[in-house]
Amino acid sequence: MAGVLARRLFSSVLVIVGSLILVFAILYVLPGDPTDTIVDPSIATPEMVANLRHQLGVDQPFYIQFARYFSHMLRGDFGQSLMNSESVLGKILDSFPATLALTAASSFVAVTVGLVLGVLSAIHRNRPIDLIARVVGLFGISMPTFWSGILLIVLLSLKLGWFPAMGSDGWRTLVLPAIALGLVGAGFIVRMVRSSMLDIIDEHFILTLRSKGLTERAVMYKHALRNALIPAITMIGMLVGEMLAGTVVIETVFSRQGIGRIIADALMAKDLPVVQGVIFFSAFVYVIVNTLVDLSYTFIDPRVRRST
Amino acid sequence: MREAVTASTVWRRGGSRRLFTFRLRRLAAADSFLIGAGIIIAFIIACALVPSLIAPYSPTAMLTDSIMQAPSSAHLFGTDYFGRDIFSVVVYGSRDSLFIGFASVIVGGLAGGAIGAIAGYAGGWVDSLLMRCNDILMTIPGILLALAIAGALGKGLFNIVLAVAVSSIPGYARIMRAQIISIKGRTFIAASRSVGATPFHIFWKHVLPNALSPLLVMAAIGVGTAILTGSGLSFLGLGVLREIPDWGTLLSQGRGYLTVAWWICTFPGLAITLFVLAVNIIGDRMRDRLDPKKNAKG
Amino acid sequence: MGALLDIQKLSVDFQTKHGLLTAITEVTFSIQPGETVCLVGESGSGKTVTSKAIMRLIEHEQGRITEGSVLLSGQDVAKLPEAELRRIRGKRVAMVFQEPMAAFDPVFTIGQQIAETIVRHERVGKREAWERGVQLLKRVGIPEAELRMKQYPGELSGGMLQRAMIAVALSCGPELLIADEPTTALDVTIQAQILQLLQELKREFGMSILLITHDLGIAAEIADRVIVMYAGQIVEQGVTEELFAQPLHPYTRGLLQSAAPLDSVRGSRLYAIKGSIPSLAALPTGCLFHPRCEHATDRCRAEAPPLDHRGDREVACWHVDSVVEAAVDGHSASGAVIHEVAAKRQTSIRLIEEDPADSGQNVKQPGVSSPSPSSDVLFEAVNLHKYYPLKRKSLTAPRSYVRAVDDVSFTIRKNETFGLVGESGSGKSTLGRVLLQLEEATSGKIHFQGTELTSLSAAELRPLRREMQVIFQDPYGSLSPRWTVGDSIAEPLKVHGALSAAECKERAAELLQLVGLDAASVNKYPHEFSGGQRQRIGIARAIALNPSFILADEAVSALDVSVQAQVVNLLQDLQQKLGLTYLFIAHGLQIVRHISDRIGVMYLGKLVEIAPSEELFLRPAHPYTRLLIDSIPHSVPGQRRDTPLLQGEIPSPSNPPSGCRFHTRCPFATARCREEQPALLPLDKDRYVACHYSLV
């Protein structure tokens, strides 16, 4: 067991380092000069720029820059914002709680709506509930979050005044963005759970269970559901990452605090260290979540337990 | 659509007797979905190809006497702060939006498909290496990756296409690899090998043709995803700054007027949603037809 | 009446995309308390639907009883409300299915799945149910029952799972056990154990058994009464002995003859029913069997015969009398042959028991000359090994291997058919693939027509591939679904650049005719053919390059009995016409015996015995061979086996037993067997055996 854990963690670390290199490489090829962000190119003298470049270390070759960034990062130093010299890590940690709350809330919406509708629609195939679930699923995966977010603002906030349209204080501000973002996840989960439930219902052992005289309720909710949940869990793990990424758009729509907002602003301002920091940070969270999901399999799925 | 039942699968289908009549009605409903989806796609593609035949106004014409008008018979989707007819802008804007969708799927699908095919067919360390890289690419959720690339490359239609394409590569690579590996294990491959066919012949004549259809289905659905990602980038302001805004940009521009003119945001978003919805419906149908379980052996 | 189960005029429809299909029509039969009834038929005969219809399990598959009644002790199951029906399922009527691996829910333990059934039907606590589960597992012969209860289905072998499934079925003491092909997915040795277990349990629990099978041997062995189904209808039923002694329906007769009984004249043509089983969507008019029947007349084509009583038997045929007559005077293929054969078997069994020494000469069949040992050698394997590395448990652990083929040496002679038998996991298929260099040998040499194959590169090997071809087991998977059959057949020709495109097509058409298909089929796709036809296409591809050698790897195992006989005949015809040499690998011992000149027996990666076909079956020298042959269900009723069964299951090839690998299951094993590995040594001029205490 400890061996499995160690191996899994080792490969996670490798993937994290890999994604770090990738992010670094993408931003390295960025045309344009980071010094432009700091000093106005029209007034800067060549010496000033060269000086600044040296100071920032961007006159060094790629691998030296990367090594330096990496070693700093290991010490918890993600560099400083080019805009206002704030510590990147500090910035991220400051706004992460708000993003985490949104991610958690929208994942909750996605998982509850997705599981309930997905299971009901498979069990009552071709009944009205199935039609509803399929429509929710299709719309969920087809609507851009910024649009559903805006519709929610127009309807529930501007017209009805039930919830605030923007801001990030208190749970009431969380409701609309969580629904807008959660609906996407719900769409994916409904479709996935429905089809995996239907596959399981076609399995041979369902016939055995019925032949043993079990009630349909036991066959469906005890046996079929447990089997169908296994692939659903992987998907939920991946969706948490997508939810996290989705905050970039949603936080802009609802003018919320959060790391999504930070990266959106940083991109516009070409504030490299911040962009790097945030992307890397979310990749890190994503890998952690998925490692946990993988490990949870060891407890949920006896087949995996055996093979490891 | 699960209604498709063939004679050979009838023995293992679920569902109960009571549904017999219901089922027939559902079948009709499913087909009307499909027809609706076809009409939407045809119409939007027509918009992109010949906007001048469909749009009642020029997308750049600023009708100063009718600014910020709510939807009416004269202006189906209303007008914006410049007095542009939103319907006409949406019709013309379909061009860039669809271009991003289709072009990025072609680029991403080809690249991802090739990576997956090589990894799957070669196996061994090539496979391990490519798939580790793929795993790494996958750790950065699509929109973030696209955002980083678009941010790095700067604004521009082709840059957005590239950003969306790269972010879709891991998905295509995975599907293609899984498909290739499953076909590699089929008996007819062993049969071909046993008559002395070369690995290249086997790959080109047997593996690839059989692996292509799932990739095509994924590409079809991918058009929808790409349009969502692309319009998301536009919405965040990384989009194309052109005289005629694409749907994402138009929507983003309308945000400032949300309290006074809901229609500016609503209709471009509706266009995106309808198109993606239609693409998904058709993609689902294609996938169901491919599913071996619903489609007798062979 | 007092019948436990009385089915009257039962018809079942299924809703499909193409509308309603009638799966079974007016099925009528009964089962008395304590009786074993076998429902026999090929695929599509409706036997499984019948078994599922009894408990109305078809309703979950869009099936519906349209007519008739199913009386269980006088109570009509067809009219019961669902809730009451569920109280009968698993309690009074229990079922066992074909695929034990698929029949258990993979994410619950065996124990949970047994206890769940008991708790459902009886007023007992979980703990008591669990205790009973342990007892049941012990009763069905599962060692370490407490441990197995806590294991998941994937951790048990197929044989063990089928025992566990039987335990689940017995958990509430059913009055009727329905077993749907319970042994089809299992090895013949495990099959024998399971059948014996079922018979013991039947007496112990005082229940009736309805056994569904395609294997007449199984029916002969355990049934009191046999019901034969064809295309959704009962065509004949009767007491087992009578039905086997004198089958009345031409279909029953055909089935019996095409099953290649152990006493068929080896190498002769098998009796084969022409054509194939009709699909439910396109049933013929009149008697459903008429397109395949030798006795069919206009009346058969126009009018469906009713199931008529004939003494205490029932048969649905217009021409019963002439069929019986033809069987009595004609010797073409008849019941008389079966009698004769039964008698012959008696003699041969006696020979084994009384005087094994001189039976060898007696059984030489006229017209079959086994090639002398001096004839040319086509293939020679020397010390062949194939090891598959296993994943290491940890980085420091030593690497372990699956020893699929472990030091095997043998020869295949020109123009002979060499059969290879053994349980699954014995390494027989791996040996075949390594021999043809479809997989690389770990070590050892393979000589083919004087060329050493293992040292050749893929490119050097390619021209030699012309000479050796393969026929695969799976007739569905071995043809690319996207190619026309003409292209598939011509692929070897194109690969070797022998002919132009037009010539290829012409040759493909020629080959199709050669294997008994229509030459116009070249442009059709595989899905337009039945399983048997696809296997013919596979054969056509294999002979396209005029090879000298063909590996037939379970080539007929997936086919229905009546179609199997056609394909075996085709293989034999082609061998004569084209001078082919076969390596015939199969788990169906009867078929291997029928087609092979010499047979090799494999056990855990080792060849334990090589002998000419008849001798192997009459005087097996290795205890394993002997027990393997004894596991085959006797196709003559009344001869229930009295010999001890081969116990246990084949051990894992990654950790084979020390000494003689068979010692763990061998009734004759001594201390020497446990320590010393016997070599494969010549017994007499043409026989080899690897045993310290050879039986001959």
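All heavy atoms count here, side chains included; hydrogens, waters and symmetry mates do not. All values derive from a computational prediction rather than experimental measurement. Residue numbers begin at 1 in each chain, while the letters A, B, ... track the order of the sequences.
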Can you check whether [X] reaches [Y] side chain to side chain, under 4.5 Å on heavy atoms?
| X | Y | answer |
| --- | --- | --- |
| A/Leu9 | A/Thr291 | yes |
| C/Pro182 | C/Leu211 | yes |
| C/Val93 | C/Leu72 | yes |
| A/Phe205 | C/Pro106 | yes |
| C/Ser73 | C/Leu4 | yes |

Tell me whether [X] is salt-bridged to [Y], with the criterion being a basic N under 4.0 Å from an acidic carboxylate O.
| X | Y | value |
| --- | --- | --- |
| C/Glu116 | C/Arg120 | no |
| C/Glu84 | C/Arg87 | no |
| C/Glu61 | C/Lys52 | yes |
| C/Arg123 | C/Glu128 | no |
| C/Lys79 | C/Asp76 | yes |

(Q) Test of understanding: with ring-ring contact (aromatic ring centres under 6.0 Å, His included), list the residues that count as partners of A/His223, not counting sequence neighbours. (A)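 Once residues adjacent in sequence are excluded, the partners of A/His223 under the ring-ring contact (aromatic ring centres under 6.0 Å, His included) criterion are C/Phe108.
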Q: Kindly state whether the ring of A/Phe281 and the ring of A/Phe96 have centres lying under 6.0 angstrom apart.
A: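 Between A/Phe96 and A/Phe281, which both carry aromatic rings, the centre distance is below 6.0 Å.
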Q.
What part of C/Phe97 gets within 4.5 angstrom of chain A, counting heavy atoms only: side chain, backbone, both, or neither?
A.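 C/Phe97 touches chain A through side-chain heavy atoms alone.
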Q) Which region of C/Gln113, side chain (C-beta onward) or backbone (N, CA, C, O), has a non-hydrogen atom less than 4.5 Å from a non-hydrogen atom of chain A, or is it both or neither? A)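 Contact with chain A: backbone and side chain both.
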Q.
Tell me whether C/Thr109 contacts the main-chain N or O of C/Gln112 through its side chain, where contact means a donor paired with an acceptor under 3.5 Å.
A.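 It does hold such a pair.
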**Q.** Side chain C/Glu155, main chain C/Tyr152, donor-acceptor under 3.5 Å
**A.**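 Yes, because the side chain of C/Glu155 sits within donor-acceptor range (under 3.5 Å) of the backbone of C/Tyr152.
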Q) Under 4.5 Å, heavy atom to heavy atom, which residues of residues 160-170 of chain C contact chain A? A)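 When heavy atoms of chain A are the reference, residues 160-170 of chain C contributes C/Met165, C/Val168 within the under-4.5 Å range.
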Q. With no hydrogens and no angle check, do the side chains of C/Arg89 and A/Ser211 hold a donor and an acceptor under 3.5 Å apart?
A.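 No, because no side-chain N or O of C/Arg89 sits under 3.5 Å from a partner of the opposite role on A/Ser211.
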Q) Between C/His121, C/Gln151, C/Gln98, which has the largest tally of heavy atom pairs under 4.5 Å with chain A? A)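 Top count of heavy-atom pairs under 4.5 Å with chain A: C/His121.
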**Q.** Residue-level contacts of residues 212-221 of chain A with chain C, using a heavy-atom cutoff under 4.5 Å
**A.**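 Result: A/Lys212, A/Gly213, A/Leu214, A/Thr215, A/Glu216.
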**Q.** Proximal to chain C - members of residues 227-238 of chain A, heavy-atom separation under 4.5 Å
**A.**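 Checking residues 227-238 of chain A against chain C gives A/Asn227, A/Ile230.
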Q: Please look at A/Leu209 and chain C and tell me whether the side chain, the backbone, both or neither of the residue comes under 4.5 angstrom of a heavy atom of that chain.
A: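 For A/Leu209, the side chain is the part near chain C, not the backbone.
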